[in-house]
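Have a look at the structure below, then the notes.
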Amino acid sequence: MRKTIKGIAAPLPLANVDTDVIMPKRFLRTITREGLAAGTFADLRFYNDNSLRQDFVLNQEPWKAANILVVGDNFGCGSSREHAVWGLRQMGIEAIIGTSFAGIFFDNARKNGLALPIITSEKRDLLLKLSRNGKIFSVSVENKIVDIDGQEVHFMMDDATQTALLEGRDDTLDSLKKSEAIDAFENSMSLKEKVSVIK
Amino acid sequence: MTRTLYDKLVDAHKVCDLSDGDMLIYVDFHIMNEYTSPQAFSGLETKGLKVRRPEAHLAVVDHVNATRSVEAPDAQSKLLIDNLESNCRKHNIAFYGLGDPRQGIEHIVVPEQGLASPGMLIACGDSHTTTYGAFGALGFGIGTSEVEHVLATQTLRYRRMKTMRVTIDGDVAPGVTAKDIIMKVVQVIGAGGANGFAVEFAGSAIRNLEMAGRMTVCNMAVELGARAALIAADKVTQNALSGHAHSGLFEYLSETWETDPGAAFDQDITIAGGDIEPLITWGTSPDQSVPITGTVPSTKSFVSPKAKAGLERALTYMGLSAGQPIQSITIDTAFIGSCTNSRIEDLRQAADVLRGRKIATGIKAIVVPGSAMTRMKAESEGLREIFEAAGFQWRPEAGCSMCLAMNDDVALDGERVASSTNRNFEGRQGRGARTHLMSPAMVAAAAVAGRLVDVRDFV
Ligand code: SF4
C-alpha cells in the first residue's frame, strides 16, 4: 500500500449506495476474486444493451481516470459481499472519502488496502465541489490529510485501520501467531461451551 | 460494575488485545453459504492452512439454488454449490446441501436446528447474521477474508462498538407485526443511523414478541447499519431452546444474558409502540417508508436539498408520483419468503389472510418457505392448500429466491413486487424491479387486492 494516494477524485454524492449497486449479483457467481472490474457499478455504467451510460460520472472526462471517490452518507450498506471491494480495487479505486460507511464494507475495505478516510459533512461538501472541478487529490494515509492544491483537509481513521493499510499485512497469518492465546482461551472453555455440529 | 448485554458478550469472548487497538474474539459457531465462502477456502489452500475446529462450522446452500426443483438453475450456480460441498468434505465440515431435509436459508436453519442460544458468538458471511441477537447471542456478518480468518483461527479481529438501546414502549395495536416494528425503527433512526453501534431492543412491545418476531426485528436491524442487534434472554428464549436436533449443545452458565439495571448506553431512543402502523416502503432504501394509510411523500416533506434529490431519484426509479395514495399502487407480483419472514409463524399469518380468498387476476404470487423443515411443517398444518387455493405458487425447495434474485426467480424491469423481504435497493430483485417491503400478511392482502392495501381491512 502506498502511503499517499494521488489522482483524480470523482464525485458520487448519492446517499446509501449499497453493495447491490456496487456489485450486482449476476457477477457474484464466481469462485475466484478476479474479473470483477467489469461488474463494478455495472448498472450505473451500462444500459441493458451494454452501451455506456453518459450520465454516470465514471464514464465522463476527466473522472474516467479517477482512483478516488468522494461519496454520500452510509456508503457500502447492504450485504457482506467482499466482491464489492474486490471490484472497486480492480477498477483502480484506491480511496473512498465519505462521512460514514457500513461496518462490514469498512472491514472488507481494510482487508484489501482500500482506504476509507472519514470526514464531516461540511468537509465532504467542500471535497465534492473540488472533485467536480476535476482537481487532483492527494490522500496521505500516514498523516490523515487530503491535500488539494495545498488546501489541507484532515480526516479520521482509527489507528488499527491506518496500521493495516500502511503495513498491508495478512490478518490470518498475523493472528495465527496468537495461537497460544487462542489455545488458552479454548482450554478455559467448558465442554458445554464448545459447539460441535453433529453431521 | 454494571454492564450492557453487549459488553458482557464481548467480554466473554475476548481472547486477547492486539497491539494496534483491536482485539481477537472467539467465534463459537460459524455459518457459511455457497457464494461468500469459495475464496476463503482457496485462501486457506494458497497459504497451506487447516481449519482449526471443523466441528464449529456449518455450511448451507441457500442463495443461488432454484426453488422449483432440487436441480441447480444453471452451470455457474452448480459450480458454487459443488465447490462448497467439496470444500466441506475436504475439511470435514457439516454441509446441508440440496435435497437434505435440513437445508434452507441459513438464518432459518440455524435456530431450527437449535444451534443458536444465549451467550454465543456467531459469525457468518452474510449481513443478516444479526438475527441471532434474538437469542441473546452476539451475531454479526463478516466478509470473505474474515471467513478465511475464522476458519483458520476460530477468532476474528474486533473492536468494540458503541451501544444504542431502542425501547419500544407500550403495546402495539392489533394487526401490527414485528416487521412493522423494525420497519418503524429503521424509518426513525434511518439507514446507516446505527453505523458503528450494537443495538439492544427493549420495552414491552419487544418482550411480548415470540422468538419468530424477535428474529424478524434483529434480522432487519442491519438495515440501520447496526453491527449487532440484541434482545435479552428471558423465559420466551429459554422455552425456545429445547426440542431441536442440537438443543442443549451450547450452554453458558456463568453469566446472565441481559443488561444490568442501570448500565449506560451511548445512545437511548424510545419509540411509542402505540404509534406504529402497518408500514410499506415507497422508495429504494429501507428507511423510505410510510403507513399503509398514507401517501407517497412529496418534496414538501423534506427540507434538505440532499433528501429532496434522493426522493426524486427514488420516485423515478419506483415509477411513483409525489402525493399519490399508497393504496392506489397496483402490483404485479407478491413474494413471501426470505430470512426476515419465511418462518412457520409468518406463513400462518399470511395464510390467515388468504383463507377462503383468491388473489387478483394477473398477479403472480410466490411463497418460498424458509427451510425444508418449515415447508414440511406448513404442509402438515394444511397451509399449502390455503396458499394454492388462493392462487399462490408453493415452492418445493427452500432458499433466498427472490429476496436477492441470485437464482432464476428474478423480477423484470419495471415489475412491481409486494415483498416480505428486507431490502428494496435498486436492482435488488432484478434489474429495474420495484420492491415494496411489508409484512407477510400485508403481502398476502396485496396479492388479493392487486394493489397495496391495509391488512386490517381483511380481518
Ligand atoms: S433471504 Fe435474503 S437477506 Fe436473507 S440471507 Fe438470503 S439473500 Fe440474504
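Proteins get letters first, then strands, A, B, ... in listed order; numbering begins at 1 in each.
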Salt-bridged, B/Lys47 to A/Asp170, with N to O below 4.0 Å?
yes

Do A/Asp159 and B/Arg159 sit within salt-bridge range, that is, some charged N less than 4.0 Å from a carboxylate O?
no

Please tell me if the side chains of A/Thr163 and B/Asp20 come closer than 4.5 Å, counting only heavy atoms from C-beta onward.
yes

Less than 4.0 angstrom from a charged side-chain N to a carboxylate O is my criterion; do B/Asp126 and A/Arg81 meet it?
no

Close side-chain approach of A/Leu28 and B/Met406, heavy atoms under 4.5 Å:
yes

Under 4.0 Å between a side-chain nitrogen and a carboxylate oxygen: does that hold for B/Arg423 and A/Asp20?
no

With a 6.0 Å cut-off (strictly less than), is the heavy-atom count around NZ of A/Lys135, excluding the residue itself, greater than 12?
no

Using non-hydrogen atoms only, which part of A/Asp107 is less than 4.5 Å away from chain B: side chain, backbone, both, or neither?
side chain

Are B/Asp413 and A/Asn48 close enough that some pair of their side-chain heavy atoms sits under 4.5 Å apart?
yes

I'd like to know if A/Arg29 pairs up with B/Asp74 as an ion pair, taking the criterion as any Lys NZ or Arg NE/NH1/NH2 lying under 4.0 Å from an Asp or Glu carboxylate oxygen.
yes

A/Ala181 portion near chain B, given a 4.5 angstrom heavy-atom threshold
both

Leading residue by heavy atom contact count with chain B [cutoff under 4.5 Å; candidates A/Asn112, A/Thr32, A/Val21]:
A/Thr32

Need one label for A/Phe105: side chain, backbone, both or neither, based on atoms under 4.5 Å from any heavy atom in chain B.
neither

State, to 0.1 Å, how close B/Gln39 and A/Arg33 come at their nearest heavy-atom pair, and which atoms those are.
CG-CG, 3.6 Å

Less than 4.0 Å between a side-chain N and a carboxylate O, is that true for A/Lys178 and B/Asp17?
no

Part of B/Met161 within contact of chain A (heavy atom distance under 4.5 Å)
neither

Would you say that A/Leu173 contacts B/Leu49 through its side chain, given a criterion of any heavy-atom pair below 4.5 Å between the two side chains?
yes

With a 4.5 angstrom heavy-atom cut-off, could you sort out which part of A/Asp183 is near chain B: side chain, backbone, both or neither?
both

In terms of side-chain geometry, is the basic nitrogen of A/Lys194 or B/Asp28 positioned less than 4.0 Å from the acidic oxygen of its partner?
no

With a 4.5 angstrom heavy-atom cut-off, is it the side chain or the backbone of A/Leu14 that approaches chain B, or both, or neither?
side chain

Kindly indicate, with the supporting measurements, whether the criterion salt bridge (Lys or Arg N to Asp or Glu O under 4.0 Å) is fulfilled by A/Asp174 and B/Arg157.
CA-CA 10 Å; A/Asp174 208 48; B/Arg157 271 183 166 265; 3.6 Å; yes

Taking the side chain as every heavy atom from C-beta outward, state whether A/Ser175 and B/Leu24 have any atom pair closer than 4.5 Å.
yes

Using non-hydrogen atoms and a 4.5 Å limit, figure out which bit of A/Val195 sits close to chain B: side chain, backbone, both or neither.
both

Going through the distances and angles, do B/Glu55 and A/Val197 end up as a side-chain contact (heavy atoms from CB on, under 4.5 Å)?
CA-CA 5 Å; B/Glu55 69 276 18; A/Val197 186; 5.9 Å; no

Tell me, out of B/Arg227, B/Glu148, B/Gln113, B/Arg313, who's got the most heavy-atom pairs with chain A below 4.5 Å.
B/Arg227

Do the non-hydrogen side-chain atoms of B/Ser145 and A/Glu82 ever get within less than 4.5 Å of each other?
yes

Is it the side chain or the backbone of A/Asp73 that comes within 4.5 Å of chain B heavy atoms, both, or neither?
neither

By a 4.5 Å heavy-atom criterion (distance strictly below it), what part of B/Thr153 contacts chain A: side chain, backbone, both, or neither?
both

Looking at side-chain heavy atoms only, is the closest gap between A/Asn16 and B/Phe425 below 4.5 Å?
no

Please examine the side chains of B/Arg52 and A/Glu186, heavy atoms only from C-beta on, and report whether any two atoms are closer than 4.5 Å.
yes

